[in-house]
Structures are given as C-alpha cells and as structure tokens.
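Scope of the values below: all heavy atoms of this structure, side chains included, with no hydrogens, waters or symmetry mates. Ligands are counted one by one from 1 in listed order, and the atoms in each one are counted from 1 as well.
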Amino acid sequence: MTLWEKLEILGAAASYDHSCTGTGLAPDLPFTLEGRRHLPGIYLAHTSLGRRIPLLKVLLTNRCRLDCAYCVNRASNRVPRTAFEPRELAEVARELFRRGLVQGIFLSAAIQGCPDDTMERLVETARILRRDLSFRHYLHLKILPGVSPELVREAVRLATRVSVNLEFVKRRSLHRLAPGKEKGGLIRALAQAREFALEEGRIPSLTTQVIVGATPETDYDLLRTAQNLYRQGLLKRMYFSAYIPANRDPRLPPPGAPPPLLRERRLYQADYLLRLYGFDYRELLEPGKNLPLDRDPKLVWAERHPEFFPVDLLRASYEEILRVPGIGPRTARRILEARRRTVLTPEGLRRAGVQLSRALPFIALGGRYLPRQLSLF
Ligand code: SF4
C-alpha cells in the first residue's frame with residue numbers, strides 16, 4: 001500500500017474525532033500534492049483567536065482491538081485497515097507542512113494490541129517530528145485509554161496540546177457502548193497530563209470530546225461535567241460531537257437518523273457562557289433537561305430574568321455587561337474603555353460591536369431604555 005493510500009484511509013478514519021476543533025474538510029487548498037486536488041486528512045480548525053487553519057488530522061493506525069459500538073473503526077467492522085510506521089507518518093506530516101498545505105498536526109490512533117505499544121508508536125512519531133525533523137509548530141496528540149503515566153508525560157512534553165476522549169459523561173453509557181474504556185481511567189489520564197504540564201512550567205492545554213445524542217445523557221449532564229472539569233483545571237475545552245450513526249447497532253440510533261446538529265450548536269453556545277461569560281451551568285438549565293433549541297441559551301437566560309435588566313451601560317460592571325444578549329467579552333471591554341474616554345451613544349455602542357437588534361431590550365444609557373427602532377439602522 002502506498003503512503004498516499006494509507007493517508008486516504010487513515011485521514012478519513014480520523015474525521016470522527018472532534019477534540020481538535022475540526023470543522024470539515026478543507027476546501028480549495030492553494031497547492032496540491034502530486035497533482036491531486038483533494039488531500040485526505042486535511043481539515044479546517046478554529047484557533048483560539050478565531051482563525052481557521054488547515055490541520056492534518058490522521059490516525060497512526062485504524063486497526064483496533066476494541067469494539068466501541070459507535071465507531072467506524074471498531075474491531076467487528078469490515079473496513080480497509082492499515083497503519084503507518086512512525087517515521088512514515090512523521091515524514092508525510094512534515095512534508096505537508098513544508099509545502100504549506102497544513103499549519104498544524106493532530107495525531108491519534110486506534111488501539112492496536114496493547115494501549116502502551118500503540119501509544120509508544122504515537123509518541124515516537126511525535127519524537128521524530130520534533131527531534132529529527134525540527135517540527136516546532138502546533139502538534140496535538142491523543143492520549144489513548146489505559147496508557148501508563150510515563151507515556152502521558154512524554155506526550156505532554158512533546159505536544160502543544162493533548163486530549164483524552166471521555167466519549168460519554170455517564171459511566172453506564174461508557175460501559176454499555178465502549179467496553180474496555182473506563183471513566184475513572186480517562187479522568188486520571190487528564191489529571192496526570194495536567195500535573196506533568198505544570199511540572200514543566202506549562203499551562204496545561206487539555207481537551208476532550210463527548211458524543212451527543214447517542215445515549216440518554218442530557219445537556220445538564222454534559223454541561224455539569226464540563227464545568228466541573230474546567231473548575232478543576234482538568235480541561236481547557238470540551239468538544240461536543242453530534243452522533244452520526246456509523247454502524248447498525250441495536251444500542252444506538254439507526255443509520256440515517258439525523259445527527260442532532262442544532263443541539264450540538266446550543267451546547268457550544270452554552271459552553272462559551274461557562275468558559276468566557278461567568279455563567280454557572282445551573283443558571284442555564286435544570287437537572288434532567290436539555291437546552292431549548294429555538295433560541296440561544298444567553299437569550300433564554302435573559303428572558304427568564306427580567307429583574308436583572310435593563311443593564312445600564314454607563315454604570316454596570318464588566319460581569320453585568322457580559323450578561324446582555326448581543327454583547328461578547330471583547331465588546332464589553334470596549335464599552336468600559338469607551339465610557340472612560342467619552343459619552344456613550346447608540347452609534348458608539350454599535351461601533352464597539354454591540355448587536356443592537358439583540359441588545360436593545362436589555363440595555364439602558366443613564367437610566368433610560370433606548371428606542372427599539374435603533375435596531376433598524
Ligand atoms: S478504541 Fe473504540 S473509539 Fe477508538 S478506534 Fe477503537 S473502536 Fe474506535
């Protein structure tokens with residue numbers, strides 16, 4: 001099998017992992033490799049600064065001894081199987097980077113044999129990239145379930161970011177759909193990664209993925225787990241992945257069932273509120289509930305709390321301003337700066353980035369609501 005054929009199989013096999021901000025195949029790349037227009041394994045990713053960059057997202061191997069019900073690569077599926085040698089994969093990745101086709105690399109793997117053996121090969125790929133090929137850019141490594149702490153340490157040392165996929169937040173879901181994985185072990189791996197990063201004087205950059213819509217977990221369960229992990233410093237970001245039926249399995253929604261994409265979107269919006277807006281998950285929904293789908297969670301919260309509004313933008317604190325629909329952290333900071341220098345006007349608010357059509361019902365200037373018609377300009 002050629003390297004190209006391996007890349008086609010193992011790039012496609014990695015597409016289900018969302019823990020690295022992948023947003024779909026990168027369209028219309030500026031260059032081609034060996035005259036080919038479509039390059040497997042290259043996905044667009046969002047950086048923390050909101051830029052979209054092409055990322056190589058690929059498995060070292062899709063040969064797996066586990067049989068997770070939801071996974072295309074599970075042992076019982078008849079799919080083409082292959083594996084890279086660590087040096088092969090390192091050189092393919094380095095070459096794609098050298099040609100400007102990708103700006104970062106995300107390496108993962110199915111569990112071929114013993115988890116430590118596969119993880120050692122993944123770490124060796126990263127070592128070759130860093131040591132032999134002088135790759136100094138973004139490198140994300142997946143920590144496989146059940147690997148020993150020394151390999152977690154080595155992955156943290158080599159990677160810009162590491163991730164441990166929790167898959168489901170409830171033990172019984174994991175037990176039912178991913179026998180062979182254990183929630184305590186996955187959380188332990190996150191804790192080890194955090195500790196090793198801190199020992200090296202680095203801020204831990206840890207992410208995870210959970211699958212949405214395949215099991216009875218509610219949005220309350222998902223957001224509670226996310227916030228608990230953020231508060232413990234065990235996670236920088238939780239990625240939500242709407243379940244796309246890949247297998248016919250009585251434990252799961254059938255093939256053809258639509259993935260809950262709107263629910264996924266609402267979860268991302270709520271997650272932003274937890275991480276960047278100072279919300280607690282219990283403010284957004286009640287136990288056993290999902291987020292409403294028809295409006296974003298910040299608007300829902302604002303409509304349920306008329307006692308909090310209007311927020312007077314001439315006097316309110318940063319935290320209060322952040323609660324207004326249509327105002328994000330950057331805009332809130334701009335409002336604080338602007339009101340120190342000048343008299344705030346509706347036009348000034350618009351220039352600061354306020355989405356007036358959303359914010360007007362919830363704000364005041366100097367004790368007065370602004371006319372609703374402003375939103376029409
Ligand atoms: S361990 Fe489970 S999720 Fe990972 S590749 Fe194997 S079957 Fe898929």
Margin query: I'd like to know if Glu95 and Arg98 make a salt bridge, using a cut-off of under 4.0 Å between side-chain N and carboxylate O.
Written below: yes
Next item on the list: Name the closest protein heavy atom to atom 8 (Fe) of ligand 1, giving the residue it belongs to and the distance to 0.1 Å.
Entry: Cys71 SG, 2.3 Å
Checklist line | Salt bridge present between Asp296 and Lys298 (N-O < 4.0 angstrom) | finding: no
Note to self: Taking backbone and side chain together, does Cys68 place any N/O/S atom at a distance below 2.8 Å from atom 6 (Fe) of ligand 1?
What the structure shows: no
Margin query: Angle between ring planes, His305 versus Trp301, binned at 30° and 60°: parallel, tilted or perpendicular?
Written below: parallel
Check: Can a salt bridge be assigned to the pair Arg157 and Glu154 using a cut-off of 4.0 Å between side-chain N and carboxylate O?
Finding: yes
Checklist line | Ion pair Lys170/Asp221, N-O distance below 4.0 Å | finding: yes
Notebook entry, point to check: Mind checking whether Lys181 has a heavy atom under 4.0 Å from ligand 1?
Noted result: yes
Note to self: List ligand 1 atoms under 4.0 Å from Ala110, heavy atoms only on the residue side.
What the structure shows: 5 (S)
Notebook entry, point to check: If you count the atoms of ligand 1 from 1 in the order shown, which ones are under 4.0 Å from a heavy atom of Cys64?
Noted result: 1 (S), 5 (S), 6 (Fe), 7 (S)
